[in-house]
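Following: one structure in structure tokens, then a few remarks.
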Amino acid sequence: MVRISQFNDKVRELKKSFNSLTKHSYLERYIEVPAIDEDKVRFLYAMLSEHASKKEAKAYTLAAVLAQAALDVHEAISLHKLQTDSVRKNRQLTVLAGDYYSSLYYYLLAEEKQIPMIRIFSHSIQEINEHKMNIYEADELTYTDAKRNVEKAESILLQNIANHYNQNYWKEIFNDFFFLKRLVFERNEFIKGKNLPIMETLFQEARHPDSVLALCEQKIEDLKDKLLNTSQRLQKYEGFIIEHIDQLINTTDYDEYVAEKG
């Protein structure tokens with residue numbers, strides 16, 4: 001059975017390649033290098049390692065990391081009024097950095113002459129931006145609406161790559177795991193006093209504001225059960241997926257919060 005630790009070397013190798021490709025001393029003076037989601041690296045590489053050559057698996061996973069970095073950097077662009085030259089310069093460089101990361105993923109795929117994969121990446125990035133806008137521009141969302149948009153915004157690129165290889169169970173795992181990850185993140189931010197889009201929708205469903213957290217916890221449990229059921233379909237990767245779920249659930253502040261509440 002496959003375990004998380006079997007992919008540690010691959011994560012290190014891809015992070016090294018990412019840092020080597022994106023290293024730019026001038027940019028680093030003004031903007032932070034985006035963090036890499038190691039879960040996405042492991043999940044995508046695990047699926048690709050079964051259905052693509054090693055060279056393709058590395059190129060596609062690295063391209064996905066670069067595309068995510070471009071999205072993260074562009075999302076971090078300040079929308080506040082420009083009051084100083086330094087703020088204006090920082091915003092311009094942030095835009096350029098995002099464009100630079102985008103050009104690198106495109107270059108990687110073009111160098112490998114992977115035209116179908118370039119189409120998948122381009123279409124996925126368009127979809128991600130559309131779903132993010134649906135969330136930001138809506139006056140009021142239901143939980144179902146928020147879930148549908150967040151699921152796509154968080155993992156549609158991985159889902160579309162899985163679809164390319166007709167890997168429906170992996171597609172389902174990507175959809176549910178990265179929504180679960182977002183939901184757990186929002187729950188933990190809620191405990192710290194910050195209300196984010198998914199948690200806001202739960203106030204509509206909960207019978208009383210005090211039961212919002214319990215409702216969220218129930219949805220986390222439901223998602224966890226769904227993931228565990230789907231993981232059985234992937235046989236040798238079942239343990240790998242369970243380890244990721246346990247790692248995600250066990251790094252939360254919820255138990256501590258409940259204990260404090262008595």
Side-chain angles (χ1 to χ4, degrees), residues 3-4 35 37-40 42-43 68 71-72 75-76 127-128 130-159 162 168-234 237-262:
R3 310 305 295 262
I4 283 182
D37 186 333
E38 294 187 7
D39 291 335
K40 285 187 176 174
R42 280 191 295 267
F43 272 99
Q68 185 64 55
L71 287 163
D72 292 345
E75 190 163 333
E127 283 189 89
I128 290 168
E130 288 172 357
H131 287 289
K132 283 183 178 176
M133 290 305 292
N134 288 342
I135 297 167
Y136 296 142
E137 291 186 344
D139 292 330
E140 191 170 311
L141 286 171
T142 64
Y143 175 77
T144 304
D145 291 335
K147 183 173 182 288
R148 183 177 61 250
N149 283 299
V150 171
E151 284 171 346
K152 302 303 180 192
E154 291 292 327
S155 65
I156 193 63
L157 174 58
L158 274 62
Q159 292 184 53
N168 291 331
Y169 293 130
W170 275 113
K171 183 179 176 181
E172 200 172 327
I173 290 288
F174 295 157
N175 184 81
D176 292 338
F177 179 81
F178 290 102
F179 178 71
L180 174 64
K181 188 169 183 174
R182 179 69 198 188
L183 185 56
V184 168
F185 170 76
E186 290 208 13
R187 183 196 64 183
N188 292 342
E189 291 299 297
F190 179 79
I191 289 171
K192 295 172 188 170
K194 191 173 181 181
N195 212 4
L196 294 171
I198 303 173
M199 293 304 294
E200 282 184 2
T201 68
L202 295 182
F203 276 94
Q204 299 170 30
E205 281 196 26
R207 293 180 179 175
H208 190 278
D210 289 347
S211 60
V212 166
L213 206 50
L215 179 59
C216 179
E217 196 61 23
Q218 184 56 55
K219 291 189 181 298
I220 287 172
E221 285 301 311
D222 291 346
L223 271 168
K224 180 181 168 185
D225 291 344
K226 186 167 181 278
L227 275 162
L228 292 176
N229 283 332
T230 312
S231 70
Q232 294 173 14
R233 305 284 186 173
L234 289 168
Y237 285 97
E238 183 181 1
F240 169 84
I241 295 163
I242 291 171
E243 276 187 293
H244 276 89
I245 296 168
D246 287 345
Q247 203 171 71
L248 177 63
I249 301 294
N250 293 332
T251 55
T252 69
D253 301 325
Y254 180 69
D255 291 341
E256 187 179 334
Y257 175 79
V258 170
E260 285 176 2
K261 285 282 184 181

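Each residue takes its place number in the sequence, starting with 1.
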Inset, instruction - Take Q68 and D72, measure what side chain to side chain contact (heavy atoms under 4.5 Å, CB included) needs, and give me the verdict at the end. - result: CA-CA 6 Å; Q68 185 64 55; D72 292 345; 2.9 Å; yes
Legend entry - side chain to side chain contact (heavy atoms under 4.5 Å, CB included) between L158 and W170, intermediate numbers included: CA-CA 9 Å; L158 274 62; W170 275 113; over 6 Å; no
Legend entry - Verdict with reasoning, E205 to K219, per salt bridge (charged side-chain N to carboxylate O under 4.0 Å, His left out): CA-CA 12 Å; E205 281 196 26; K219 291 189 181 298; 3.3 Å; yes
Inset, instruction - Could you please spell out the steps behind the side chain to side chain contact (heavy atoms under 4.5 Å, CB included) verdict for F179 and E154? - result: CA-CA 7 Å; F179 178 71; E154 291 292 327; over 6 Å; no
Inset, instruction - Could you go through the salt bridge (charged side-chain N to carboxylate O under 4.0 Å, His left out) check for K226 and E172 one step at a time? - result: CA-CA 10 Å; K226 186 167 181 278; E172 200 172 327; 3.6 Å; yes
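Between I220 atom CD1 and K181 atom NZ the span is 14.0 Å, to the nearest 0.5 Å. Between atom CD1 of residue I128 and atom CE of residue M133 there is a gap of 14.5 Å, rounded to the nearest 0.5 Å. Within the model, atoms CZ of R187 and CD1 of I198 stand 12.5 Å from one another, a figure rounded to the nearest 0.5 Å. Going from atom OG of S155 over to atom CG of D39 covers 12.0 Å, rounded to the nearest 0.5 Å. With rounding to the nearest 0.5 angstrom, the OG1 atom of T201 is 8.5 Å from the CG atom of L215. With rounding to the nearest 0.5 Å, the separation of CZ in F240 from CZ in R3 is 11.0 Å.
Using a 4.5 Å heavy-atom cutoff, the side chains of E189 and N195 are not in contact. Contact check for Q247 versus I4: side-chain heavy atoms found under the 4.5 Å cut-off. In this structure the side chain of L183 reaches within 4.5 angstrom of the side chain of C216, judged on heavy atoms. Looking only at side-chain heavy atoms (C-beta outward), F177 and I241 stay at 4.5 Å or farther from each other. Residues K152 and Q159 form a side-chain contact, since some pair of their non-hydrogen atoms from C-beta on lies under 4.5 Å apart. Considering only heavy atoms from C-beta on, E151 stays 4.5 Å or farther from R182 through its side chain.
The backbone N or O of N188 lies less than 3.5 Å from no partner atom in the side chain of K194, so there is not a single donor-acceptor pair. Between the side chain of E217 and the backbone N or O of V212, no donor-acceptor pair lies under 3.5 Å. Using modelled atom types, no side-chain atom of E238 and backbone atom of S231 make a donor-acceptor pair closer than 3.5 Å. Between the side chain of N149 and the main chain of D145, a donor-acceptor pair closer than 3.5 Å is present. Here the side chain of E186 pairs a donor or acceptor atom with the backbone of M199 at under 3.5 angstrom.
Scanning both residues, L228 and I245, for their nearest heavy atoms gives CD2-CD1, 3.9 Å. Residues L213 and F190 come closest through the heavy atom pair CD1-CD2, 3.7 Å.
Between the side chains of H131 and R148, not a single donor N or O lies within less than 3.5 Å of an accepting N or O. Looking at E130 and N134, their side chains never bring a donor and an acceptor atom within 3.5 Å of each other.
The aromatic rings of H244 and F43 sit tilted relative to each other, their planes meeting at an angle between 30° and 60°.
Environment of OH in Y143: crowded, with over 12 heavy atoms of neighbouring residues, nucleotides or ligands closer than 6.0 Å.
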